[in-house]
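Model, not experiment: these values are computed from the prediction.
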Amino acid sequence: ACVRVHVSCLCLACACVCMCIGVLVFHMNKDDYPERYEWMKNFLSPSSPDEGLLKFTVVSEPPPDESSADCVDIAYAHVNCHQIISSRKDLHQARLEVISMANEGEVIGHLSVSIEILPALLSLGLLPDS
């Protein structure tokens, strides 16, 4: 079983940027990846401190002449995995608001995301009965 996260486009109003990001695949086999299985089980638990929120962080790379500088977190977007589970529908090209970290609540762009998680949860026995 695997979870696929496809981030297809990031549009930020502050930088007039639109770029393709890529696809992430997380293999979730209980026997081969027990730590991933346990993480997912805990992440989806009602008592999880993450509350089932999968967070995407937008970072600013340091300028080329400051190669020793660190990246800076500038914004975030999130997906509520509990909503995916309760609706029994994976996300396909969902448009997420990108929220500024400097001005909390200010929408500075959008992120297009697809998440295929339901088949993996079903095969791992982590999908609750409806």
Side-chain angles (χ1 to χ4, degrees):
C2 64
V3 175
R4 293 182 200 286
V5 179
H6 181 245
V7 181
S8 59
C9 189
L10 169 64
C11 299
L12 295 178
C14 62
C16 297
V17 174
C18 185
M19 57 189 204
C20 293
I21 309 296
V23 178
L24 304 172
V25 178
F26 301 95
H27 295 280
M28 301 293 295
N29 181 299
K30 249 195 272 193
D31 299 326
D32 295 335
Y33 305 101
E35 63 285 339
R36 291 181 192 174
Y37 170 79
E38 284 301 316
W39 179 87
M40 182 65 75
K41 187 169 83 172
N42 293 330
F43 174 75
L44 295 174
S45 164
S47 62
S48 167
D50 296 314
E51 300 174 345
L53 293 178
L54 183 58
K55 186 174 181 179
F56 298 88
T57 303
V58 179
V59 298
S60 173
E61 298 261 342
D65 59 330
E66 296 181 33
S67 60
S68 63
D70 291 331
C71 293
V72 177
D73 295 351
I74 58 169
Y76 69 91
H78 68 266
V79 171
N80 187 325
C81 290
H82 291 293
Q83 288 179 340
I84 294 173
I85 291 168
S86 65
S87 70
R88 295 292 202 261
K89 292 181 183 176
D90 284 323
L91 290 184
H92 296 285
Q93 295 298 310
R95 188 172 186 225
L96 308 179
E97 292 182 337
V98 176
I99 309 296
S100 170
M101 289 183 168
N103 299 315
E104 187 65 36
E106 179 185 357
V107 177
I108 62 169
H110 293 89
L111 188 65
S112 293
V113 176
S114 295
I115 298 179
E116 298 172 20
I117 193 172
L118 294 174
L121 296 180
L122 182 62
S123 72
L124 292 170
L126 295 176
L127 195 59
D129 296 330
S130 41

Check step by step if side-chain contact (heavy atoms from CB on, under 4.5 Å) holds for Leu127 and Leu118.
CA-CA 7 Å; Leu127 195 59; Leu118 294 174; 3.8 Å; yes
Criterion side-chain contact (heavy atoms from CB on, under 4.5 Å) on Ile99 and Glu106, from CA distance to verdict:
CA-CA 6 Å; Ile99 309 296; Glu106 179 185 357; 6.0 Å; no
Working note: Ile108 + Ser100, criterion side-chain contact (heavy atoms from CB on, under 4.5 Å); need CA distance, chi angles, decisive distance, verdict.
CA-CA 6 Å; Ile108 62 169; Ser100 170; 3.8 Å; yes
Are Leu121 and Ile85 close enough, and set up right, to give a side-chain contact (heavy atoms from CB on, under 4.5 Å), and what steps lead you there?
CA-CA 9 Å; Leu121 296 180; Ile85 291 168; 3.8 Å; yes
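For the atom pair Met28 CE and Trp39 CH2, the distance stands at 7.5 Å (nearest 0.5 Å). Rounded to the nearest 0.5 angstrom, Ile117 CD1 and Leu124 CG are separated by 9.5 Å. To the nearest 0.5 Å, the span separating OG on Ser48 from NE2 on His82 amounts to 6.5 Å. Distance check, rounded to the nearest 0.5 Å: CD1 of Ile115 to CG of Asp90 gives 8.5 Å. For the atom pair CD of Glu51 and NE2 of His78, the computed distance is 9.5 Å after rounding to the nearest 0.5 Å.
By the 4.5 Å heavy-atom criterion applied to side chains, Tyr37 and Leu126 are counted as neighbours. Proximity of Asp73 to Val58: side-chain heavy atoms (C-beta onward) are nowhere separated by under 4.5 Å. You'll find the side chain of Met101 stays beyond 4.5 Å of the side chain of Ile74, heavy atoms only. In this structure, the side chains of Leu54 and Cys81 come closer than 4.5 Å at one or more pairs of heavy atoms. Taking the side chain as every heavy atom from C-beta outward, Phe56 and Val113 approach each other to under 4.5 Å.
A pairwise comparison of heavy atoms in His110 and Arg95 identifies ND1-NH2, 3.1 Å as the closest pair. Closest non-hydrogen pair, Ala120 versus Ser123, comes out as O-OG, 3.1 Å.
In this structure, Ser112 contributes its side chain and Gln93 its backbone to no donor-acceptor pair below 3.5 Å. A donor-acceptor pair under 3.5 Å is formed between the side chain of Ser87 and the backbone N or O of Gln83. One N or O on the side chain of Asn29 and one on the backbone of Asp32 form a donor-acceptor pair closer than 3.5 Å.
For the side-chain hydrogen bond (donor to acceptor under 3.5 Å, both in side chains) test, no residue two or more places apart in sequence or in another chain qualifies with Glu35.
Using a 4.5 Å cut-off between side-chain heavy atoms of Ile, Leu, Val, Met, Phe, Trp and Tyr, with links allowed through other members, Val59 and Leu96 fall into different hydrophobic clusters.
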